[in-house]
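Reminder, nothing fancy here: chain letters follow the sequence lines and each chain counts from 1.
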Amino acid sequence: MSQYHSYIAIEHLSNYIGKEVTLNGWVSDRTDKGKLCFIKLRDGSGIVQCVAFRPTIGDELFEQAKSLTQESSVSITGTVRAESRAPSGVELDIVNVKIWQIAKEYPITPKEHGTEFLMQHRHLWLRSTRQNAIMRIRAAVIKAIRDFFDGNGFKLMDSPILTPNACEGTSTLFETKYFDLGSAYLSQSGQLYAEASAMALGKVYTFGPTFRAEKSKTRRHLTEFWMVEPEMAFFDLNDDMDLAEDLVEYIVQYVLQTCQKELAAMGRDISKLEAIRRPFYRMSYTEAVEWLNKNDVKLNKKQSDGSEIQIDFPWGEDFGAPQEEAIMQQFDKPCIIHRYPAEVKAFYMKRDPDQPKVALAMDMLAPEGAGEIIGGSQREDDFDALLSRIEHEKLPREAFEWFLDLRKYGSVPHSGFGLGVERTVKWISGAEHIREVIPFPRMIYRIVP
RNA sequence: UCCGACUUAGCUCAGCUGGUUAGAGCAUCUGACUGUUAAUCAGAGGGUCCGCGGUUCAAGUCCGCGAGUCGGAGCCA
């Protein structure tokens, strides 16, 4: 790469002890003590304390250093010195200060703030140490995902974001006008297009933003989030589950290798992540229902008069958050639950030839209360079976004609899944809310900034 | 959509059974200090108590309606 500027990143400062360097960044904090002035300089890569001592640097420069407010932008030249009292082990003795701008009173002070205030100032909140660490972990997770697929024979095949209809026909979509062709909808999944792509290139993945207009109000939902969806020709459900485990193991180990500082900044218990090695746990839906009933985990059922009663968990009902949480409490590694009742799953999932009421579907649940991070399945590859599912769900056949074509011209067994990037980053980083792990979250009651 | 909680200074909050001039810490400004890292010490400024209506001699406090935010359920990644 070209040498764009002769400046040095703070994260590499320990290689320059005894040398004079220029750092560019922002003042994260300043404190004076008589003839001493301490400036914490942040450049995105790290934070270092810069020290000005009045008798050695002179009155004019000292007054300049003292005038710096929180988040003022500066270039500071100084000599790097090993300093045992500093958290990073180094400090900078100031030789010169170039002020780019003296910042106005900064809203985010070094004390606590509530989430509402911080979310209103998301554009500034991103500068804080914790948010910096989360964004670096997010970048590492995304790089791990790309490296994993690119290195294993997958090709990136982007899916369209504007689509003519609901992918799965269930969830609420964002609608927009589309010239003279009526309405278009923001994609809630790239999967159908990934299936077509897999028939062209074998093993593919799509990676992009996804939109759900559901009025979800929980700490694991966003209306706009990022999802990676691999799709593989000639993969059955077992291959699909193996791939999901390989991917998740790879992501966690990659973050462990490259984000030690960031995980420490988050106060993350590293041993919990080190335990994430294959094999993970697996359980069929039927086994899970038996486990729930053996362990007395009931289902809250609303009666017609509005009151709630608790009943044994009936086979055929989909799991909610309470069931998933109960199941995961026994596990320190992710668990895949597979072979769900077909009725609660999407129309394109293949039925289990051995159990016609069961779909070859799978969900991966992450430990520590992180919940579902992956949902996938083996796809229905039989033309007649798929068509009858489309008709049964009362989906418009015209819109799925091209999708049916894939079952007309060289249909093969194939499988895939979707992994939610933000849910994965939330789990690995230990962030307590999903809104912290995407730079500018989109939620039901927030679209600014 | 359903259930619950909250709203007082720029920020985080306290404010008792309704009672006289509205409280603290931080932030900001002024001053002191050669080792602070949530510095300390002394001083100063800073208020539509979310809005509207009601009860009362008296409302930040009680009641009603509305707004906003947060958490949970459902939906799912």
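Among the atoms of the strands shown, only primed sugar atoms or phosphate atoms (P, OP1, OP2) are found under 4.0 Å from some heavy atom of Tyr445(A). If you check every strand for non-hydrogen atoms under 4.0 Å, Gln49(A) touches a base. Residue contacts for Gly320(A): at a heavy-atom cut-off of 4.0 Å it reaches the sugar-phosphate backbone alone, with no base atom in range. Looking at heavy-atom distances under 4.0 Å, Arg30(A) makes no contact with the nucleic acid at all. Among the heavy atoms of the strands, none lies under 4.0 Å from His121(A). Using a 4.0 Å heavy-atom cutoff across all strands shown, Phe225(A) reaches at least one base atom of the nucleic acid.
Note on Arg42(A) versus Glu71(A): salt bridge recorded, some NZ/NE/NH1/NH2 to OD/OE distance being below 4.0 Å. Salt bridge status for Lys143(A) with Asp147(A): present, with a side-chain N to carboxylate O gap under 4.0 Å. A salt bridge is absent between Arg278(A) and Glu249(A); no separation between the charged side-chain nitrogens and carboxylate oxygens falls under 4.0 Å.
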(message) Could you go through Arg130(A) and Glu262(A), starting from their C-alpha distance and side-chain angles, then the distance that decides it, and tell me whether this counts as salt bridge (Lys or Arg N to Asp or Glu O under 4.0 Å)?
(response) CA-CA 8 Å; Arg130(A) 179 186 163 86; Glu262(A) 289 77 8; over 6 Å; no

(message) Assess the residue pair Arg54(A) and Asp59(A) against the criterion (salt bridge (Lys or Arg N to Asp or Glu O under 4.0 Å)); give the C-alpha distance rounded to whole Å, side-chain angles, the decisive distance to 0.1 Å, and a yes or no.
(response) CA-CA 6 Å; Arg54(A) 181 170 226 146; Asp59(A) 289 351; 3.1 Å; yes

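Between the P atom of A9(B) and the CZ atom of Phe117(A) lies a distance of 12 Å, rounded to the nearest Å. Residue Ile108(A) contributes atom CD1, which lies 20 Å from atom P of C26(B) at whole-angstrom precision. Summarising the geometry, the separation between CE on Met443(A) and C1' on G68(B) is reported as 14 Å, rounded to the nearest angstrom. Met362(A) places its CE atom 12 Å from the C1' atom of A77(B), with the value rounded to the nearest Å.
Nearest-nucleotide positions on RNA chain B for Gly114(A) and Val421(A) put Gly114(A) closer to the 5' end. Between Arg219(A) and Gly375(A), the residue anchored closer to the 5' end of RNA chain B is Arg219(A), taking for each the nucleotide with the nearest heavy atom.
Under the salt bridge (charged side-chain N to carboxylate O under 4.0 Å, His left out) rule, Asp363(A) has a single partner from Arg339(A), Lys345(A), Arg282(A), which is Lys345(A).
Within residues 32-41 of chain A, the residues having any heavy atom closer than 4.0 Å to RNA chain B are, in order of number, Asp32(A), Lys33(A), Gly34(A), Lys35(A), Leu36(A), Phe38(A), Lys40(A). Contacts between residues 324-344 of chain A and RNA chain B, defined by a heavy-atom separation below 4.0 Å, involve no residue at all.
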Can you list, pair by pair, the side-chain donor-acceptor contacts under 3.5 Å of residues 440-448 of chain A, counting residues two or more places apart and other chains?
residue	atom	partner	partner atom	Å
Arg442(A)	NH1	Ile447(A)	O	3.1
Arg442(A)	NH1	Pro449(A)	O	3.2
Arg442(A)	NH2	Ile447(A)	O	3.4
Arg446(A)	NH1	Val448(A)	O	3.4

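Residues passing the ring-ring contact (aromatic ring centres under 6.0 Å, His included) test with Phe235(A): none are found, sequence neighbours excluded.
Rounded to whole Å, the P atom of A77(B) lies 43 Å from the corresponding atom of G51(B). For the C1' atoms, the distance from U56(B) to A14(B) is 26 Å, rounded to whole Å. One C1' atom belongs to U8(B), the other to C3(B), and the distance between them is 27 Å to the nearest Å.
Counting only Watson-Crick and G-U wobble pairs whose two distances sit under 3.5 Å, RNA chain B takes part in these stems of three or more pairs: B:1-7 with B:67-73, B:10-13 with B:23-26, B:28-32 with B:40-44, B:50-54 with B:62-66.
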(message) Strictly under 4.0 angstrom, non-hydrogen atoms only: write out the protein contact profile of nucleotides 45-50 of chain B, one letter per nucleotide from the 5' end, B, S or -.
(response) ------

